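Here the structure is laid out as C-alpha cells; the discussion comes afterwards.
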Amino acid sequence: QVQLVESGGGLVQAGGSLRLSCATSGRDISLTTMAWFRQAPGKEREFVAVISWNRLNTNYADALKGRFTISRDNAKNTVWLQMNSLEPEDTAVYYCAARKGAAATVMSSQYDYWGQGTQVTVSS
C-alpha cells in the first residue's frame, strides 16, 4: 500500500505561483511512477504531469508545458508540482497519484493510489 498526502494548495492571484507537495509513505516510491491530476468543478479529472521513477522521463499536458514542473526526491519520498504564471482556469482540486508500473502513463485509470487532493484557487 501507498499513502499519498498532498499539501501546498491555496488561493493565489493570477500570475502567481504555488508549489504543491505530495508526501508518500507505506512503500518505496523509488519504484513507482508518480503523477498529478486535477479536477475542476463540473469537469472530469484531467492529467497534469507525470514523472518516472528514475526522473528520466517527464510528460505534461500540452496546455501546461512551460508553466508547470514536476519533480521528485525518492530519498525524501516526496513529489512536487511547481506551478507558475497561474491562470483562473487552473483552479481545481489537484491530486497526486502513484502507479506500480514503470510506464509514465497519462491515463488516470492506470494509477493505483491517490491522495485526497488539495484545492488550488486562482483569482483574476
Side-chain angles (χ1 to χ4, degrees):
Q1 282 286 348
V2 175
Q3 291 79 46
L4 309 175
V5 179
E6 302 96 334
S7 62
L11 175 64
V12 64
Q13 288 187 333
S17 298
L18 281 175
R19 189 191 195 199
L20 305 183
S21 298
C22 175
T24 72
S25 62
R27 175 187 165 99
D28 183 1
I29 73 160
S30 65
L31 301 179
T32 60
T33 297
M34 302 295 297
W36 288 93
F37 291 81
R38 68 184 185 183
Q39 187 166 18
K43 296 186 177 181
E44 294 188 353
R45 190 170 298 186
E46 65 176 358
F47 167 75
V48 173
V50 61
I51 187 167
S52 62
W53 68 274
N54 57 7
R55 300 178 294 177
L56 293 181
N57 295 316
T58 59
N59 193 16
Y60 298 89
D62 288 342
L64 303 178
K65 290 179 180 178
R67 294 197 296 123
F68 288 18
T69 303
I70 189 171
S71 60
R72 67 188 295 168
D73 186 332
N74 292 338
K76 295 181 179 180
N77 292 328
T78 303
V79 179
W80 297 275
L81 183 68
Q82 178 67 43
M83 306 185 295
N84 298 327
S85 301
L86 284 163
E87 305 168 353
E89 292 73 22
D90 296 317
T91 295
V93 177
Y94 284 71
Y95 297 91
C96 177
R99 69 183 305 268
K100 292 175 281 188
T105 177
V106 305
M107 300 291 291
S108 60
S109 60
Q110 299 296 311
Y111 285 81
D112 305 293
Y113 307 102
W114 292 84
Q116 83 289 349
T118 185
Q119 176 70 47
V120 172
T121 303
V122 184
S123 63
S124 57

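Since we're looking at a predicted model, the values are computed, not measured.
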For Q3 and G26, the nearest pair of non-hydrogen atoms, with its separation, is OE1-CA, 3.6 Å
query = Is the side chain of T91 donor-acceptor paired with the backbone N or O of V122 at a distance under 3.5 Å, no angle test?
reply = yes
Nearest heavy-atom approach of V106 to F37 is O-CE2, 3.5 Å
Residues S21 and W80: closest non-hydrogen pair is OG-CD1, 3.2 Å
In terms of heavy-atom contacts, F47 and Y60 come closest through CE2-C, 3.6 Å
The side chain to side chain contact (heavy atoms under 4.5 Å, CB included) partner of I51 among I70, L81, N57 is I70
query: Does the pair V120 and R38 meet the rule for a side chain to side chain contact (heavy atoms under 4.5 Å, CB included), with working shown?
result: CA-CA 9 Å; V120 172; R38 68 184 185 183; over 6 Å; no
Under 4.5 Å between any side-chain heavy atoms of L86 and F68, yes or no? yes
Which is it for C96 and W114 under the side chain to side chain contact (heavy atoms under 4.5 Å, CB included) test, yes or no, and what are the steps along the way? CA-CA 6 Å; C96 177; W114 292 84; over 6 Å; no
Are T32 and R72 side-chain neighbours, meaning at least one heavy-atom pair lies under 4.5 Å? yes
| field | Contact check, side chains of T105 and T33, non-hydrogen atoms, under 4.5 Å | value | no
Indicate whether the side chain of Y111 and that of R99 have a donor and an acceptor atom separated by less than 3.5 Å. no
Between P88 and A14, the two heavy atoms sitting closest are CD-CB, 4.1 Å
Is there a side-chain contact between V2 and K100 in this structure, where contact means two heavy atoms from C-beta onward sitting under 4.5 Å apart?
no
Note: L4 and C22 closest approach over all heavy atoms is CB-SG, 4.0 Å
Original post:
Under 4.5 Å between any side-chain heavy atoms of E6 and Y94, yes or no?
Top reply: no
Legend entry - T78 side-chain N/O to D73 backbone N/O, donor-acceptor pair under 3.5 Å: no
- Message: Taking the side chain as everything from C-beta on, heavy atoms only, tell me whether M83 gets closer than 4.5 Å to D90.
- Response: no
| request: Answer whether the closest heavy-atom distance between the side chains of R55 and S71 falls below 4.5 Å. | output: no
